[in-house]
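Any value given below was found using the heavy atoms of this structure, including those in side chains, with hydrogens, waters and symmetry copies removed. In the text below, chain A, chain B and the rest are named by the order of the sequence lines, each starting its count at 1.
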Protein chains: 2
Amino acid sequence: MTDMTDALSLERQVCFALAVASRSVIGVYRPLLQPMGLTHPQYLVMLALWEQAPLSVKELSKLLQLDPGTLSPLLKRLEAIGYIRRRRDSQDERVLVVTLTAEGRELRSEAERIPSSVVERLGMDLEELQELHRSLTRVIAAANGAHR
Amino acid sequence: MTDMTDALSLERQVCFALAVASRSVIGVYRPLLQPMGLTHPQYLVMLALWEQAPLSVKELSKLLQLDPGTLSPLLKRLEAIGYIRRRRDSQDERVLVVTLTAEGRELRSEAERIPSSVVERLGMDLEELQELHRSLTRVIAAANGAHR
DNA sequence: GTACAATAATTGGTACACAAACTATTGTTG
DNA sequence: CAACAATAGTTTGTGTACCAATTATTGTAC
């Protein structure tokens, strides 16, 4: 039996730690992404596209677990800076096909340095990060199972 | 030596898992907080105040690791719904003293049910959650140390 | 083959989140 | 004490993030 006397204590809240950790780590990425003109969510979209392109908004939405309403303006900004192209699918005019431009593809080599740079700045063992990753994967699965 | 051939793979990005986990877990809180009229960040502010009040904006900012510019409008909304009061310190007119209203204090008993409810909906062991919490605490420390 | 449901994006509204500029007050120094 | 630095909040601008409503297109039934 766990002590529940102070269940509302700020420090015990996993949700609080999650939110702070997420913002903090994004803060580590920020100066590294800035030279490329990318925000963190935009970087995640680029990662998805480097792995597989083209992708529709719906597919991106599923991969990144982001609302289409969030992605829509974000993708327009990525197009405005010239990393992606947005077109309607000729087969199905409802879907928007997102592809990489030459610039967008070239950015990849520059982005390759980021992960190791982040790990270095964090100064954590890969071991620990992998453990964290495993824990996070479990919570994500649990949380996604929780509200449906 | 770890395999670095696909360091940019979306699934390997701890930052991605962190962002998704954070949003997902907040999504579990959402329906529980809605009846009280609170968003998750607002809930965190209330948690801080239930632990200790009054608190200044600066103190809240430090506790929650949130920008004062984020807290400022958030606190106005909390005041608008009647859970807190905002006053200038008579000793030092620069600082804003945030206190709880009677309503805000009473809300605590209702909020007591939330943590266990979230844990239940997640369906995870407390053990696992504690391990996650420890990992998160380490990343937060690492990330906060990284950019200064 | 036309009404109707389903699907894919976009839009509008509210609320973070952060950086930079600004205001007001307090502290400090010559 | 007057000039100036430091501090505490607020404001502004940009960019997520989610929800609900809307638009446009496609699929389905009758």
Side-chain angles (χ1 to χ4, degrees), chain A residues 15-16 18-31 33-34 37-45 54-62 64-81 86-98 143-144 147, chain B residues 15-16 18-31 33-34 37-45 54-62 64-81 86-98 143-144 147:
Chain A
C15 66
F16 173 59
L18 259 175
V20 174
S22 178
R23 290 201 312 266
S24 298
V25 173
I26 289 175
V28 176
Y29 277 82
R30 196 167 293 120
L33 294 175
Q34 206 130 2
L38 290 179
T39 66
H40 188 258
Q42 290 168 3
Y43 169 69
L44 295 180
V45 168
L55 284 170
S56 71
V57 173
K58 184 179 176 58
E59 290 166 328
L60 277 168
S61 167
K62 186 175 178 180
L64 305 178
Q65 302 200 212
L66 273 177
D67 199 276
T70 301
L71 283 172
S72 196
L74 190 155
L75 293 172
K76 285 181 187 172
R77 282 174 214 117
L78 280 180
E79 185 178 44
I81 48 181
R86 296 159 63 253
R87 282 218 202 87
R88 288 290 168 173
D89 188 340
S90 52
Q91 306 300 304
D92 186 343
E93 292 279 347
R94 288 173 303 183
V95 340
L96 190 83
V97 179
V98 180
N144 286 339
H147 44 62
Chain B
C15 66
F16 173 59
L18 259 176
V20 174
S22 178
R23 290 201 313 266
S24 298
V25 173
I26 289 176
V28 175
Y29 277 82
R30 206 182 317 272
L33 294 175
Q34 206 129 2
L38 290 179
T39 65
H40 188 258
Q42 289 168 2
Y43 169 68
L44 295 179
V45 168
L55 285 170
S56 70
V57 173
K58 184 179 179 55
E59 290 166 328
L60 277 168
S61 167
K62 185 175 177 180
L64 306 178
Q65 302 201 211
L66 273 179
D67 201 275
T70 301
L71 282 172
S72 196
L74 191 156
L75 292 172
K76 284 182 187 172
R77 281 173 216 119
L78 279 180
E79 186 179 42
I81 47 182
R86 295 159 63 252
R87 283 220 200 86
R88 289 287 167 177
D89 187 340
S90 53
Q91 306 301 302
D92 186 343
E93 292 279 346
R94 289 172 304 181
V95 341
L96 190 83
V97 179
V98 180
N144 287 340
H147 44 61

(message) From CZ of B/R77 over to P of C/dG13, roughly how many Å is that when rounded to an integer?
(response) 16 Å
(request) Give the rounded distance in Å between these two atoms: CD of A/E79 and P of C/dT10. (result) 10 Å
(message) Side chains of B/V98 and B/L75, heavy atoms from C-beta outward: is any pair under 4.5 Å?
(response) yes
(request) List in chain and number order the residues that pass side-chain contact (heavy atoms from CB on, under 4.5 Å) with A/P73, two or more places apart in sequence or in another chain; answer none if no residue qualifies. (result) A/R77
(request) Measure across B/C15 and A/H40 and return the closest heavy-atom pair with its distance rounded to 0.1 Å. (result) SG-NE2, 3.2 Å
(message) Please report the distance, rounded to the nearest Å, between CZ in A/R30 and C1' in D/dT16.
(response) 11 Å
(request) Please report, rounded to the nearest Å, how far the P atom of C/dT7 is from the NZ atom of A/K62. (result) 13 Å
(message) Just N and O in the side chain of B/Q91: are any of them under 4.0 Å from OP1 or OP2 of C/dT25?
(response) no
(message) Using side-chain heavy atoms (C-beta onward) and a distance below 4.5 Å, is B/L38 in contact with B/V45?
(response) no
(request) Can you sort out the partners of B/D89 under salt bridge (Lys or Arg N to Asp or Glu O under 4.0 Å), two or more places apart, ordered by chain and number? (result) none
(message) Tell me whether the side-chain N/O atoms of A/R23 come closer than 4.0 Å to OP1 or OP2 in C/dC18.
(response) yes
(request) Write down the distance between CG (B/L66) and P (C/dA15), rounded to a whole number of angstrom. (result) 16 Å
(message) Whole angstroms only, please: what is the NE2-P distance between A/H40 and C/dC18?
(response) 13 Å
(request) Can you tell me the distance, in whole Å, between the CD atom of A/E93 and the P atom of D/dG27? (result) 12 Å
(request) Check whether any side-chain heavy atom of A/Q42 lies under 4.5 Å from a side-chain heavy atom of A/L74, and answer yes or no. (result) yes
(message) Looking at D/dT14, I'd like to know if its phosphate oxygens (OP1 or OP2) sit under 4.0 Å from a side-chain N or O belonging to A/T39.
(response) no
(message) Measuring only between side-chain heavy atoms, which start at C-beta, is B/L18 closer than 4.5 Å to A/L18?
(response) yes
(message) Tell me the interatomic distance from A/L33, atom CG, to D/dT16, atom P, rounded to whole angstroms.
(response) 11 Å
Nucleotide N/O to protein N/O under 3.5 Å, stretch nucleotides 6-12 of chain D:
| unit_1 | atom_1 | unit_2 | atom_2 | d |
| --- | --- | --- | --- | --- |
| D/dT7 | O2 | B/R94 | NH1 | 3.2 |
| D/dA8 | OP2 | B/K58 | NZ | 3.1 |
| D/dA8 | O3' | B/R94 | O | 3.4 |
| D/dG9 | OP1 | B/V57 | N | 3.2 |
| D/dG9 | OP1 | B/L96 | N | 3.1 |
| D/dG9 | OP2 | B/K58 | N | 2.7 |
| D/dG9 | O3' | B/R88 | NH2 | 3.3 |
| D/dT10 | OP1 | B/R86 | NH2 | 2.8 |
| D/dT10 | OP2 | B/S72 | OG | 2.6 |
| D/dT10 | O5' | B/S72 | OG | 3.1 |
| D/dT11 | OP2 | B/K76 | NZ | 2.6 |

